[in-house]
Amino acid sequence: MIILAVESSCDEMSVAIKKGKKLLTNVVFSQIDLHTLYGGVVPELASRAHIEVVVKVINEALVKANLKPSDIDLVAATQGPGLIGSLMIGMLAAETFAMIYHLPFLPLNHLEGHIYASAIDSKIKWTSLILLISGGHTELIYAKKDFVFETIGTTLDDAIGESYDKVARVLNLGYPGGPIIDKLSVEGNKEAFKFPIPMADSDNYDFSFSGLKSAVINKINYLNTHHEEYKVQDIAASFQEVALESILLKVRKALTNYKIKRLIVAGGVAANKGLRLKLKENFSDIKVMIPPFKYCTDNAAMIAECAFYKYKTLSKKEKLNLFNYGVKPFSTKEENHAR
Ligand code: KG4
Ligand code: ZN
């Protein structure tokens, strides 16, 4: 089966094609340059830029895979959560493609896509704990088998990636802030500033990042207004240390209480080098799966992978229903996915 998948939930337009388990191509058109000026994604600009490239990106993927549209067997696209305008462009283009070539059309959940990024080059085994950390989400998920996911903890306010982006914006570091803060952290002193670890004493699996974000921003503003010298690297390292420790704390608690020996890390923040190091140091007795860097942030390869597994779970009737075009509502929940 050859799957063509489209991902456009935020500021990337991406199209991937996979033949069976083999990924043939994963074209990602990023809009970072467009949004960096504003320190975050501007939804209206994102949708308009998607309109301009969507057909080109689909064509490029077909050319790179050396395929014709009629070679495709299944079309998939991210349905949500995400920015509604961005989602609509990818969904409508993908569904139109499916209609023209009489193909089944499978709408998918963006977060499930992130989870299956780990399956692109590897095999996922269940039961697993999933740590989903992105610009819009911070979740701990107890997963018994494919697509049987129970969220056991979530952020009460900002997502972890969002807090990275907001701290970076105040430091004038550009967008997205995560990779920049991660890089600067290496050269900084993590003890230079003491910020409290959020939710350290709570007895659940929830997270909170808005208090930490405000504490860091207040500190920066204080230092600036009092003309005190400081190293941006020290702020980055001190912030990252506490943000990551709060994540590790909850992961450790969930692994112990649920007696799980497998951890899957998913989402853009999974690209964080500091986190990867800490996971290695802390969980040597646990099987930890983290996607390669290129599959951590938004991309269609993870949506194609998710489609591969999702399609297998469908009944005959559900597969036939994939030809009922135009009846799948967009997921409008969590429209404010972007920062
Ligand atoms: O998964 P993703 O591409 O989009 C969402 O679904 O939100 O994640 C984007 C987020 C941004 O907030 C970005 O700053 C963060 O992932 N990110 C990182 C790193 N690379 C990307 N955060 C920390 N360290 C990184 N190396
Ligand atoms: Zn994402």
Side-chain angles (χ1 to χ4, degrees), residues 5-14 26 28-32 35-36 38-41 43 46 77-83 86-87 90 108-118 130-139 154-155 158-171 173-186 188 209 212-213 216 236-237 239-244 246-247 264-279 290-303 305-306 331 333-339:
V6 178
E7 152 64 36
S8 69
S9 64
C10 193
D11 58 338
E12 267 95 18
M13 172 60 70
S14 178
N26 178 40
V28 183
F29 185 87
S30 171
Q31 303 176 357
I32 284 179
H35 302 288
T36 199
Y38 307 96
V41 177
T78 303
Q79 182 186 26
L83 297 172
S86 291
L87 287 165
L108 292 169
N109 180 290
H110 180 71
L111 305 182
E112 292 183 348
H114 272 303
I115 293 166
Y116 283 88
S118 271
I130 300 164
L131 170 66
L132 179 69
I133 37 179
S134 70
H137 295 85
T138 313
E139 292 188 10
T154 185
T155 180
D158 291 4
I160 181 166
E162 184 182 0
S163 67
Y164 266 90
D165 295 336
K166 286 181 176 160
V167 167
R169 182 155 65 190
V170 175
L171 290 169
L173 296 175
Y175 171 84
I180 308 167
I181 290 190
D182 191 15
K183 204 165 161 213
L184 289 173
S185 292
V186 181
F209 290 97
L212 171 63
K213 172 199 70 185
V216 177
F239 160 68
Q240 170 149 307
E241 173 66 13
V242 171
L244 297 184
S246 88
I247 294 274
I264 297 169
V265 189
V269 185
N272 188 280
K273 294 209 176 83
L275 174 71
R276 286 167 179 248
L277 203 68
K278 276 185 184 285
L279 289 170
I290 313 180
F293 288 106
K294 60 183 171 189
Y295 302 137
C296 288
T297 45
D298 292 348
N299 66 87
M302 68 188 198
I303 302 300
E305 191 68 33
C306 183
S331 170
K333 264 208 281 174
E334 303 173 71
E335 274 177 36
N336 296 324
H337 168 63
R339 283 61 69 194

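For the numbers below, each heavy atom of this structure counts, side chains included, while hydrogens, waters and symmetry mates do not. Numbers for residues simply follow the sequence, beginning at 1. Not measured: the values here are computed from a predicted model. Both ligands and their constituent atoms are indexed starting at 1 by order of listing.
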Could you tell me if the side chain of [Y] sits less than 4.5 Å from the side chain of [X], heavy atoms only?
X      : Y      : value
Lys273 : Lys183 : no
Phe239 : Tyr164 : yes
Val216 : Val242 : no
Pro81  : Asn109 : yes
Ser14  : Asn26  : yes
Tyr175 : Val41  : yes

Note to self: Within a 6.0 Å radius of atom CZ on Phe293, are there more than 12 heavy atoms belonging to other residues, nucleotides or ligands?
What the structure shows: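 Yes, enclosed.
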[X], any N or O under 3.5 Å of ligand 1 N or O:
X      : value
His114 : yes
Asp298 : yes
His110 : yes
Gly136 : yes
Asp182 : yes

Margin query: Could you tell me if Gln240 and Asp182 have a donor-acceptor pair between their side chains, going purely by distance under 3.5 Å?
Written below: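 The criterion, which ignores hydrogens and geometry beyond distance, is satisfied for Gln240 and Asp182.
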Margin query: Please confirm whether Cys10 approaches ligand 1 to less than 4.0 Å, judged on its heavy atoms.
Written below: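 In this structure, Cys10 fails to qualify as a contact of ligand 1 - no heavy atom is under 4.0 Å.
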Check ligand 1 against [X] and write out every atom of the ligand that is under 4.0 Å from a heavy-atom position of the residue.
X      : value
Gly161 : 12 (O)
Gly135 : 5 (C), 7 (O), 8 (O), 9 (C), 10 (C), 12 (O)
Pro176 : 13 (C), 14 (O)
Gly178 : 14 (O), 18 (C), 19 (C), 22 (N), 23 (C), 24 (N), 25 (C)

Notebook entry, point to check: Atom OG1 in Thr155, atom CD1 in Ile133: separation rounded to 0.5 Å?
Noted result: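 Result: 12.0 Å between the selected atoms.
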Notebook entry, point to check: Roughly how far, to the nearest 0.5 Å, is the CD1 atom of Ile290 from the CG atom of Leu279?
Noted result: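 These two atoms lie 5.0 Å from each other.
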Notebook entry, point to check: Measuring to the Zn ion (ligand 2), does His137 have an N/O/S atom at a distance below 2.8 Å?
Noted result: no
Notebook entry, point to check: Any N/O/S atom of Cys10 sitting less than 2.8 Å from the Zn ion (ligand 2), backbone or side chain?
Noted result: no
Notebook entry, point to check: Between Asp165 and ligand 1, which part of the residue brings a heavy atom under 4.0 Å of the ligand: side chain, backbone, both or neither?
Noted result: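 Side chain only.
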Next item on the list: Only heavy atoms count here, so choose which of Val269, Ile181, Val41, Thr78 is nearest to atom 15 (C) of ligand 1.
Entry: Val269
Check: Which N/O/S atom belongs to Asp298 and is the closest one to the Zn ion (ligand 2)?
Finding: OD1
